[in-house]
Colleague: 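Pasting in a structure now, in C-alpha cells, and then I'll have a few things to ask.
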Number of protein chains: 2
Amino acid sequence: MVMQRNTWQREAVRSALDTQMGFVSAQSLHSKLRGSGSHIGLATVYRALGDLASEGQADSLQSPEGENLYRACSRGHHHHLICRSCGLAVEIEADDVEVWAKRVASLHGFTQAEHVVDVFGYCSSCVAPSAESAANPVSARK
Amino acid sequence: MVMQRNTWQREAVRSALDTQMGFVSAQSLHSKLRGSGSHIGLATVYRALGDLASEGQADSLQSPEGENLYRACSRGHHHHLICRSCGLAVEIEADDVEVWAKRVASLHGFTQAEHVVDVFGYCSSCVAPSAESAANPVSARK
DNA sequence: GGGCTTATTGATAATGATTGTCAAAAGCGA
DNA sequence: TCGCTTTTGACAATCATTATCAATAAGCCC
Ligand SMILES: [Zn+2]
Ligand SMILES: [Zn+2]
Ligand SMILES: [Zn+2]
Ligand SMILES: [Zn+2]
C-alpha cells in the first residue's frame, strides 16, 4: 500500500553502513556522514537504519551501554562476537544454541520466543583497558 | 575503605525486590514503593538496585525496549527465560552455552569476554498480544 | 544521651539517546 | 511540468538514567 521512494539519503546511509566493518550507532554514523560533507539529518539516519533493520538488510543489537547498534547484514539468522572498543564484529552461528533456546522456551510453556545471544570482549587489535585483575566479577554496571 | 551504612531505604528496596516474582525496572519498583506509602526517592532506588546488582544480590538485564530490569538473585551465574508481559522469569542454566561462549571468544582472539544470553516470550499465563501471524518476522523495532 | 564525622538521601537539574512534529522539499507517475 | 504523497530535517518532546549538592541520619566515641 505504501510506496517506498528512493532518496540519496537512504542510499547514503546504506553505503555508509557498508563501509563499516563493525557495529555503529545511529549517532556515530550520522557524525561520520556529516564529517564527509553530507548534510543528512539525524532523524533521517535513525529512520533509515530502522528501516534497514526491519527489512533484514541490517543487523541490530543493544550495546551493554544501552545504545542501539547497527551493521550491514549478510543474510539469515546469526549472532555476533563484538569488540567493545572498535565495534568489530564476527558473525557466529550456533545451531546448538538455536535448538537449545527453542527447547527451553517450549519446555516452560513460553510462546513467541525470541532470544538475545551476544558475546562482547576486546578483539586482538584492541588493548583491554585497565583490567582490574580480580575486583569486578563480570558485568558490574558502571 | 568505605563503610557501608544500613538504611531503611536499602532494606526497603531489597525486600520490595524479593516480593517480585519477576524482573522489574527501577522506575516501576519506585512506583510500587511509593504506592505502599514509602517516601523513598527515585535516585535512591536506582542506587540501591545498582549496588545489589554489583554485589551479586540481584540479577540485571536489558529489556528489548532498552530498560534495565532487576530481580532478586538466587546465586551463581545463570540466564533467564523472561515473559514479555508479566516479567515472570525462569532461571536457566546451560553449561553447553557457557563453554560455547568461552570457546568462540578465545577462538577469535577476544579477551575479557562476557556474554548476553536471554530468551524472551510470553508465559503460559499471559496471552500473546494480537499475534500478527505472518507480518513481522521477529524483532521489528517499534 | 550528646556530639562528630561522613555516608546517604532526595529534590531537582542535567544528560543523552531516541522519537514526535510539521512545514518545506523532493520522488514519481501522469 | 503538474499534482499528489512520501520523505526530510530542524527542533521540540520523551524518558530512562546520572549528576548535583545541601540537608539528613548512621555508626561511633565520650
Ligand atoms: Zn577491537
Ligand atoms: Zn539465534
Ligand atoms: Zn507472563
Ligand atoms: Zn552464561
Side-chain angles (χ1 to χ4, degrees), chain A residues 1-17 23-55 57-58 60-71 84 87 139-142, chain B residues 1-17 23-55 57-58 60-71 84 87 139-142:
Chain A
M1 290 305 108
V2 279
M3 190 190 326
Q4 178 91 309
R5 293 180 181 176
N6 297 319
T7 64
W8 63 264
Q9 286 93 335
R10 260 200 253 280
E11 201 43 55
V13 170
R14 194 198 314 274
S15 73
L17 200 58
F23 278 85
V24 281
S25 67
Q27 298 279 353
S28 155
L29 199 62
H30 177 246
S31 298
K32 290 179 197 299
L33 283 165
R34 281 302 182 89
S36 313
S38 172
H39 282 186
I40 193 170
L42 176 59
T44 301
V45 174
Y46 269 98
R47 281 184 292 241
L49 287 175
D51 289 349
L52 287 175
S54 58
E55 287 169 28
Q57 299 201 62
S60 73
L61 56 80
Q62 282 178 45
S63 75
E65 291 71 39
E67 236 182 340
N68 279 112
L69 305 181
Y70 299 84
R71 182 186 183 216
R84 277 183 190 296
S139 56
R141 217 161 282 286
K142 171 197 53 187
Chain B
M1 292 304 113
V2 279
M3 191 190 324
Q4 177 92 306
R5 293 178 182 178
N6 297 317
T7 65
W8 63 264
Q9 286 94 335
R10 259 201 255 280
E11 201 43 56
V13 170
R14 194 199 315 273
S15 72
L17 199 59
F23 278 84
V24 282
S25 67
Q27 298 279 353
S28 155
L29 199 61
H30 177 246
S31 297
K32 291 178 196 299
L33 284 165
R34 281 303 182 91
S36 313
S38 172
H39 284 188
I40 193 171
L42 177 58
T44 302
V45 174
Y46 269 98
R47 282 185 290 241
L49 287 175
D51 288 349
L52 287 175
S54 59
E55 286 168 27
Q57 299 202 62
S60 73
L61 56 80
Q62 282 177 42
S63 75
E65 291 70 40
E67 236 182 338
N68 278 109
L69 305 181
Y70 299 85
R71 182 184 182 216
R84 278 184 189 296
S139 56
R141 219 161 281 285
K142 172 195 52 186

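The chains referred to below are lettered A, B, ... by the order of the sequence lines, with proteins before strands, and numbering in each begins at 1. Everything quoted here is computed from the prediction, not taken from an experiment.
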Colleague: Are side-chain heavy atoms of B:Leu49 and B:Leu17 found at a separation under 4.5 Å?
Modeller: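 They are in side-chain contact.
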Colleague: Rounded to the nearest 0.5 Å, how far does OG of B:Ser15 lie from CH2 of B:Trp8?
Modeller: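 The OG atom of B:Ser15 is 11.0 Å from CH2 of B:Trp8, to the nearest 0.5 Å.
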Colleague: Rounded to whole angstroms, how far apart are CG on B:Leu42 and C1' on C:dT8?
Modeller: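 It is 15 Å, rounded to the nearest whole Å.
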Colleague: Can you measure A:Glu65 atom CD to C:dT15 atom C1' for me and round it to whole angstrom units?
Modeller: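 It works out to 16 Å between those atoms.
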Colleague: Treating A:Ser63 as the side-chain partner and A:Glu65 as the backbone partner, does any N or O pair qualify as donor plus acceptor under 3.5 Å?
Modeller: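 Yes, because the side chain of A:Ser63 sits within donor-acceptor range (under 3.5 Å) of the backbone of A:Glu65.
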Colleague: How long is the line joining CD of B:Glu67 and C1' of D:dT18, in whole Å?
Modeller: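 For the pair B:Glu67 CD and D:dT18 C1', the rounded distance is 15 Å.
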Colleague: To the nearest Å, how far apart are A:Gln27 CD and D:dG9 P?
Modeller: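 Spelled out: CD on A:Gln27 to P on D:dG9 is 15 Å.
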Colleague: Identify each atom pair where a protein N or O and an N or O of nucleotides 22-29 of chain C are less than 3.5 Å apart, giving names and distance.
Modeller:
residue, atom, partner, partner atom, Å
C:dG27, N2, A:Arg5, NH2, 2.9
C:dG27, N3, A:Arg5, NH1, 3.2
C:dC28, OP1, A:Asn6, N, 3.1
C:dC28, OP1, A:Asn6, ND2, 3.4

Colleague: Within the 4.5 Å heavy-atom criterion, are A:Val24 and A:Lys32 side-chain neighbours or not?
Modeller: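 They are in side-chain contact.
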Colleague: Can you find a heavy atom in the side chain of B:Asn6 that is under 4.5 Å from one in the side chain of B:Glu11?
Modeller: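 They are not in contact (no side-chain heavy atoms under 4.5 Å apart), so the answer is no.
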Colleague: Rounded to whole Å, please give me the gap between OH in A:Tyr46 and P in D:dA10.
Modeller: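 Value for this atom pair: 15 Å.
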Colleague: Can you find a heavy atom in the side chain of A:Gln27 that is under 4.5 Å from one in the side chain of A:Ser31?
Modeller: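 In short, these two side chains do not touch, never coming nearer than 4.5 Å.
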Colleague: Using whole Å, what does the distance between atom C1' of nucleotide D:dT7 and atom CD of A:Glu11 come to?
Modeller: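 Taking CD of A:Glu11 and C1' of D:dT7, I get 15 Å after rounding.
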Colleague: Hey, are the side chains of A:Gln4 and A:Arg10 touching, using non-hydrogen atoms and a 4.5 Å cut-off?
Modeller: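 Yes. Closest side-chain heavy atoms under 4.5 Å.
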Colleague: So which nucleotide from D:dT7, C:dA17, C:dG10 ends up closest to the side chain of A:Arg10?
Modeller: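 Taking heavy atoms from C-beta onward, the closest nucleotide is D:dT7.
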Colleague: Between CG of A:Leu61 and CD of A:Glu67, what distance do you get to the nearest 0.5 Å?
Modeller: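 Answer rounded to 0.5 Å: 11.0 Å.
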Colleague: Using a strict heavy-atom distance below 4.0 Å, which residues from residues 29-41 of chain B are in contact with DNA chain C?
Modeller: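 Residues of residues 29-41 of chain B under 4.0 Å from DNA chain C: B:Arg34, B:His39, B:Ile40, B:Gly41.
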Colleague: Any donor-acceptor pair under 3.5 Å linking the side chain of B:His30 with the backbone of B:Ile40?
Modeller: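 Yes; at least one donor-acceptor contact below 3.5 Å.
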Colleague: Does OP1 or OP2 of C:dA17 have a side-chain N or O of A:Asn68 closer than 4.0 Å?
Modeller: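 For C:dA17, neither OP1 nor OP2 has a side-chain N or O of A:Asn68 closer than 4.0 Å.
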